[in-house]
2 protein chains.
Amino acid sequence: MDKGRVKTGHALIGRGSANILARYRQIHILISYLTSLISTQLAFEPVFLAQASPALLSTYAPLAAKLGIFGCYLQTELGHGSNVSALETTATYIPETQEFEIHSPTLTSSKWWIGALGKTATHGVVQAKLLLPDGKRGMKDMGPHLFFVQLRSLETHKLLPGINTGDIGPKAFAGFAPTDNGFARFDHVRIPKENMLSKFAQVTDAGEYVKPPHAKISYGGMLYIRSGMVTSAGWLIARAATVSIRYGTVRRQGNRGSDGLECQVITYPSLYARLMPILARAYVYIEMGRALTRSFNSMSARLATGDTSLLAELHATTSGLKVLCTTTSVADAESARRSMGGHGYSVFSGIGRAYADLVPSVTFEGENFVLDQQAVRAALKAYRSIFSSGKAATTVDASSLPPSSAYLRLLIASDSQPPSLTSASWLDAEILIILLEWRAAALVRDFATAAASEKTDMWNVDPTIYQRVSKAVTESFVAGQVREMLKTLDANQRLGNKERQTLKNLYTLFLLTTIEASLSDFLTFGLLRIPDFISSGVNDPTRSLRQAISALCKEILPEAIGLTDALGLSDWELDSALGRYDGAAYQALWEKAQTEPLNQKEIPDAYEESIKPMLQRGQKLAKL
Amino acid sequence: MDKGRVKTGHALIGRGSANILARYRQIHILISYLTSLISTQLAFEPVFLAQASPALLSTYAPLAAKLGIFGCYLQTELGHGSNVSALETTATYIPETQEFEIHSPTLTSSKWWIGALGKTATHGVVQAKLLLPDGKRGMKDMGPHLFFVQLRSLETHKLLPGINTGDIGPKAFAGFAPTDNGFARFDHVRIPKENMLSKFAQVTDAGEYVKPPHAKISYGGMLYIRSGMVTSAGWLIARAATVSIRYGTVRRQGNRGSDGLECQVITYPSLYARLMPILARAYVYIEMGRALTRSFNSMSARLATGDTSLLAELHATTSGLKVLCTTTSVADAESARRSMGGHGYSVFSGIGRAYADLVPSVTFEGENFVLDQQAVRAALKAYRSIFSSGKAATTVDASSLPPSSAYLRLLIASDSQPPSLTSASWLDAEILIILLEWRAAALVRDFATAAASEKTDMWNVDPTIYQRVSKAVTESFVAGQVREMLKTLDANQRLGNKERQTLKNLYTLFLLTTIEASLSDFLTFGLLRIPDFISSGVNDPTRSLRQAISALCKEILPEAIGLTDALGLSDWELDSALGRYDGAAYQALWEKAQTEPLNQKEIPDAYEESIKPMLQRGQKLAKL
């Protein structure tokens with residue numbers, strides 16, 4: 001119809017970096033990954049397989065594997081989430097019949113948000129507090145344990161007696177629409193004693209408790225999920241970057257160029273300065289996700305031999321990373337969606353849906369504000385282990401510090417101070433990395449000093465302190481990861497010079513924008529030692545940083561289409577009219593609109609019922 | 001069921017400020033306000049009534065008023081939004097028949113996003129470029145004009161010949177779900193010459209163009225809409241604050257208090273430090289929205305007499321305010337939603353839906369990045385009118401500056417400099433207001449100086465400069481508004497001392513958090529003249545500001561429920577299970593879940609079709 005107008009897009013920006021394709025193309029798991037996390041595959045099966053007794057496993061493991069039963073994992077309650085020890089559902093041991101009685105004593109004890117529970121699952125693992133007979137004193141509370149409960153008949157799919165389940169209703173933003181998140185109430189439901197998941201804790205026939213051998217082993221699953229969330233975040237950003245950069249090259253608006261057409265909107269600084277940093281984050285997060293998976297695998301291998309030495313390090317790292325990556329990725333997705341203007345608000349942009357599915361990641365699997373505290377506690381512990389009053393810090397071997405606290409080496413060397421900067425420093429990745437490490441060091445030292453002098457938890461004094469310190473420490477870790485990426489890049493013989501330079505530019509842009517986004521920290525602690533920095537009140541001394549960002553964005557811009565293509569996301573995966581590979585965004589929007597159910601009839605059903613009476617009444621009134 | 005647990009919420013925090021109720025209770029327009037903006041009431045009728053000829057008005061105005069016809073306003077096209085001059089739809093004058101021919105020459109000229117167009121509207125005002133005969137040279141393009149077009153038969157609701165309309169499909173986040181946003185294509189559709197809206201521009205029978213008398217008069221409607229957006233933003237924030245603060249007092253999680261119950265989550269610093277500033281913004285924005293409506297009315301009254309003197313001032317103010325208020329309100333809504341953890345993701349929290357409906361406000365009615373440029377241009381003009389090379393700035397009468405550029409007075413007095421601060425300064429609202437004015441002055445002076453020395457548009461050098469300057473100038477204006485609010489408050493005899501102090505605290509918190517959010521600007525330009533500010537590298541010199549924020553949040557906390565009640569939002573308006581007035585959040589979630597259509601049958605329809613075959617297949621496989 002008007003192909004010329006629509007098709008001019010991508011070619012102008014070019015597909016310069018297509019060679020990078022080979023490095024980055026892979027099978028993507030993407031959104032469906034997180035969706036499935038809280039549904040049956042990843043929530044029920046690993047727990048069941050890891051903790052059920054051999055007898056239970058022999059009957060149910062094959063069924064679960066073949067989907068002959070459908071399992072779910074019931075932990076969260078209507079009134080209880082993060083604080084597992086406060087769960088109200090009870091599992092009372094009845095020695096007479098050697099059964100447990102599962103019961104929901106209150107409204108707030110209703111299981112809630114459980115994936116696949118409402119209408120689908122036949123069985124579930126229920127987290128409930130174990131109550132054991134305690135002689136004359138009644139029952140004693142042994143805290144939360146896991147129980148395998150059949151929910152529905154395998155013949156009729158009817159709920160078993162005493163069990164009431166249902167769907168909890170729609171989620172915000174129409175997120176997780178295909179997932180049947182459900183509730184459950186138990187009314188004195190009896191299960192055989194064997195159904196307690198007893199790998200790590202057992203109850204004897206008489207009702208005696210047998211302690212678990214090793215509590216920390218169950219942390220592994222949590223760390224696996226958190227490591228995976230970095231990768232998911234990376235791919236959400238990749239998806240948002242691909243769609244928005246493609247659409248930005250197709251969309252034309254405003255000033256007319258020398259070709260008589262309006263400019264491609266991506267050539268406006270307000271747009272490319274938003275999108276190039278998002279593209280850079282996609283590359284860094286995906287690469288970091290891979291590194292974390294490798295770390296997780298090393299830890300698991302050691303854990304299997306009883307060696308828990310890597311557990312604390314991975315825990316410290318993943319707490320802060322989970323916060324940073326989930327927060328950043330949903331923010332980037334929304335920023336990319338808004339960069340597409342009006343059409344970004346169409347469901348056919350595809351990004352709204354991806355955002356809606358990922359946005360709960362900031363509050364689930366460890367609420368971000370809670371995780372920030374864990375990250376800071378780990379940092380504080382590392383700081384104090386070096387700078388405790390008893391020993392001289394300079395005796396600590398800085399090279400022995402693990403990646404999560406490598407930045408502390410800056411404080412050990414007594415003569416070390418932040419680098420002096422010139423405008424050329426902004427292109428030196430190593431200087432940027434050290435600046436990010438200095439910021440972590442400055443904030444942790446300040447926090448530790450202040451905490452030592454306060455008689456209360458620091459957040460009573462400064463409620464945002466945990467967030468700032470956690471972010472600083474985590475971004476210092478990420479900067480260290482980028483240092484590794486740059487080393488690997490230098491050693492990579494398969495890449496040409498141009499590809500290598502393009503990726504270096506992306507990594508440098510990532511570091512620069514990370515600094516720029518937390519400028520107040522750097523200024524507060526005097527870390528930007530630019531000559532004549534102390535302002536005369538006229539010239540903005542931080543402009544040189546912003547100029548460097550701008551220049552780098554412009555340099556990356558001609559490679560942007562190539563770099564998004566290289567992420568290898570297919571049209572099917574993107575499911576976006578605006579981000580189609582062939583650039584036919586308007587044609588795609590038109591075609592998608594034709595599929596709208598309302599459009600299948602010329603006169604809508606509402607006409608006879610609502611529109612016609614209103615119009616007729618109005619016409620009569622107007623004539624009076 | 002377990003009333004004790006559920007009902008303990010609000011009372012502990014108290015309803016202390018209920019007296020403020022009288023001041024703030026009012027009829028609320030809220031979300032439906034913005035929804036209707038782009039639908040028939042506010043998009044079609046004002047344009048039609050203001051610009052149609054007397055002949056058209058006599059026939060159609062009574063019908064439109066009584067809804068005997070249903071109008072829509074067709075401006076945006078698939079390929080064109082902000083840049084109206086590039087619209088492709090044509091209206092070609094045919095002198096022989098004295099008709100216009102409305103035509104969509106390309107796919108990208110399809111009208112798109114038009115409220116009520118797809119299946120509902122019977123008539124529309126179409127924005128199309130007027131083509132007039134130009135002798136031998138063919139046609140001349142007179143730019144965009146408005147034409148009244150009947151779309152559907154009033155007898156059968158069928159589309160008239162040559163017209164193709166439909167719904168454009170769902171919106172992101174399930175936003176604007178009840179609004180029938182539509183598309184339209186016109187295939188050489190003829191309308192009588194009288195159907196051109198001719199109040200401001202006409203075509204003679206012979207096809208000669210008659211110019212509009214006064215182009216600026218049509219700006220009035222745009223400014224009305226932008227002023228209204230401040231009010232809408234205020235009420236969205238009010239809604240988010242009410243729901244999240246109520247839920248935060250009901251929800252208990254974590255440490256157990258002296259009553260043996262877990263703590264109300266709102267008593268955690270990480271939560272109240274997020275929610276109290278949101279509450280403060282609700283109060284400030286609502287009050288500011290009222291002031292803007294008064295300004296708009298003054299301007300309209302003058303405009304009616306041909307006096308355009310207030311137009312530029314209101315234009316300068318509303319551009320930046322539209323950006324600030326839409327961006328902040330959707331961010332606050334989302335932050336409040338996340339503060340509610342897992343249940344915040346339920347559609348029954350109510351905030352997700354409000355966000356989904358308001359979030360397009362950042363890209364419609366002037367895309368925010370485009371409006372930032374307008375705000376900065378106005379600021380630059382004001383600066384240059386004083387500091388042009390020809391005259392001495394000190395001769396300018398500072399008291400004659402309009403509110404939008406009042407901060408420039410700080411640069412006129414040669415001896416003026418930012419105030420010296422002590423930790424007590426953070427409680428002095430006037431000092432905070434002056435700091436915000438100094439920041440605007442510093443950024444505008446820096447921008448003007450840098451712009452004069454660059455040979456290119458500043459955004460090529462520093463892509464975020466427009467945003468930063470626009471925000472600084474707008475927040476300085478808002479600070480001036482708060483100064484007026486404090487004066488009014490002091491003069492208000494109906495309020496008791498406690499109520500007055502509570503509102504002062506809110507205003508002060510608003511100012512403090514505004515400064516804290518842009519700390520890097522204040523640090524960059526050396527505006528925080530705290531004694532021993534230059535860091536020793538150990539103590540965070542900005543902690544005193546954060547401590548003041550924390551202390552003020554704590555002081556406001558016991559009044560928070562009273563202050564949200566005082567906003568007067570009814571349960572019906574909030575439509576939120578979590579934010580119910582009576583605090584029965586869990587009961588409400590339970591009841592809402594029971595209304596889920598899936599729950600009307602114990603066995604879902606999907607069982608026979610999908611679940612049963614899967615389970616049976618799995619059971620067979622497991623036995624093999």
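Chain A is the first sequence line, chain B the second, and so forth, proteins listed ahead of strands; every chain is numbered from 1. Keep in mind it's a predicted model, so treat the numbers as computed, not measured.
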Quiz prompt | Contacting moiety of A:Glu334, where chain B heavy atoms sit under 4.5 Å | solution = side chain

Self-check item: Test: B:Asp180 and B:Lys119 ion pair at under 4.0 Å
Solution: no

Quiz item: For A:Lys554, is it the side chain, the backbone, both or neither that has a heavy atom under 4.5 Å from a heavy atom of chain B?
Solution: side chain

Exercise. Sort B:Glu602 into side chain, backbone, both or neither according to what part of it lies under 4.5 angstrom from a heavy atom of chain A.
Key: both

Quiz item: Cut-off 3.5 Å, side chains only: do A:His80 and A:Glu88 have a donor facing an acceptor?
Solution: yes

Quiz item: Is it the backbone or the side chain of A:Phe522 that comes under 4.5 Å from a heavy atom of chain B, or both, or neither?
Solution: neither

Quiz prompt | Portion of A:Thr363 that has a non-hydrogen atom of chain B nearer than 4.5 angstrom | solution = side chain

Practice problem: Answer with side chain, backbone, both or neither: which region of A:Ser518 has an atom nearer than 4.5 Å to a non-hydrogen atom of chain B? | Solution: neither

Exercise. In plain terms, say whether B:Glu516 and B:Arg546 are close enough for a salt bridge, that is, a side-chain N and a carboxylate O under 4.0 Å apart.
Key: yes

Quiz prompt | Under 4.5 Å from any heavy atom of chain B - which part of A:Lys171 | solution = both

Exercise. Check whether the ring centres of B:Tyr345 and A:Phe173 lie less than 6.0 Å apart, and answer yes or no.
Key: no

Practice problem: Give, as side chain, backbone, both or neither, the part of A:Ser346 having an atom under 4.5 angstrom from any heavy atom of chain B. | Solution: both

Self-check item: chain B contact via A:Ser610 - which portion, at a heavy-atom distance below 4.5 Å
Solution: neither

Exercise. Give, as side chain, backbone, both or neither, the part of B:Leu519 having an atom under 4.5 angstrom from any heavy atom of chain A.
Key: both

Quiz item: What residue, out of A:Gly254, A:Ala273, A:Pro597, A:Ala61, has the most heavy-atom pairs lying under 4.5 Å from chain B?
Solution: A:Gly254

Quiz item: Is it the backbone or the side chain of A:Glu596 that comes under 4.5 Å from a heavy atom of chain B, or both, or neither?
Solution: side chain

Exercise. Name the region of B:Ile69, side chain, backbone, both or neither, that has any atom closer than 4.5 Å to a heavy atom of chain A.
Key: backbone

Quiz item: A:Asp167, A:Val362, A:Leu621: which one forms the most heavy-atom pairs within less than 4.5 Å of chain B?
Solution: A:Asp167

Quiz item: Looking only at heavy atoms, which two atoms of A:Arg251 and B:Gly81 are closest? And how far apart?
Solution: NH2-N, 3.6 Å

Quiz item: chain B heavy atoms under 4.5 Å from A:Glu367: which part of the residue, side chain, backbone, both or neither?
Solution: side chain

Quiz prompt | Ring centroid separation B:Phe447 to B:Tyr466 under 6.0 Å | solution = yes

Quiz item: Where on B:Val461 is there a heavy atom nearer than 4.5 Å to chain A: the side chain, the backbone, both, or neither?
Solution: both

Quiz item: What part of A:Gln594 gets closer than 4.5 Å to chain B, counting heavy atoms only: side chain, backbone, both or neither?
Solution: side chain

Self-check item: Which portion of B:Thr156 sits near chain A, non-hydrogen atoms under 4.5 angstrom
Solution: backbone

Quiz item: So is B:Arg353 actually on top of B:Phe348's ring, under 6.0 Å and inside 45° of the axis?
Solution: no

Quiz prompt | Top contributor to chain A interface from B:Val359, B:Asp372, B:Thr76 [non-hydrogen pairs under 4.5 Å] | solution = B:Val359

Exercise. Answer yes if the ring centres of A:Phe183 and A:Trp113 are under 6.0 angstrom apart, and no otherwise.
Key: no

Quiz item: When you check the gap from the basic side-chain N to the acidic O, do A:Arg543 and B:Asp446 get nearer than 4.0 Å?
Solution: yes

Practice problem: Under 4.5 Å heavy-atom distance to chain B, tell me which part of A:Ile351 shows up: side chain, backbone, both or neither. | Solution: neither

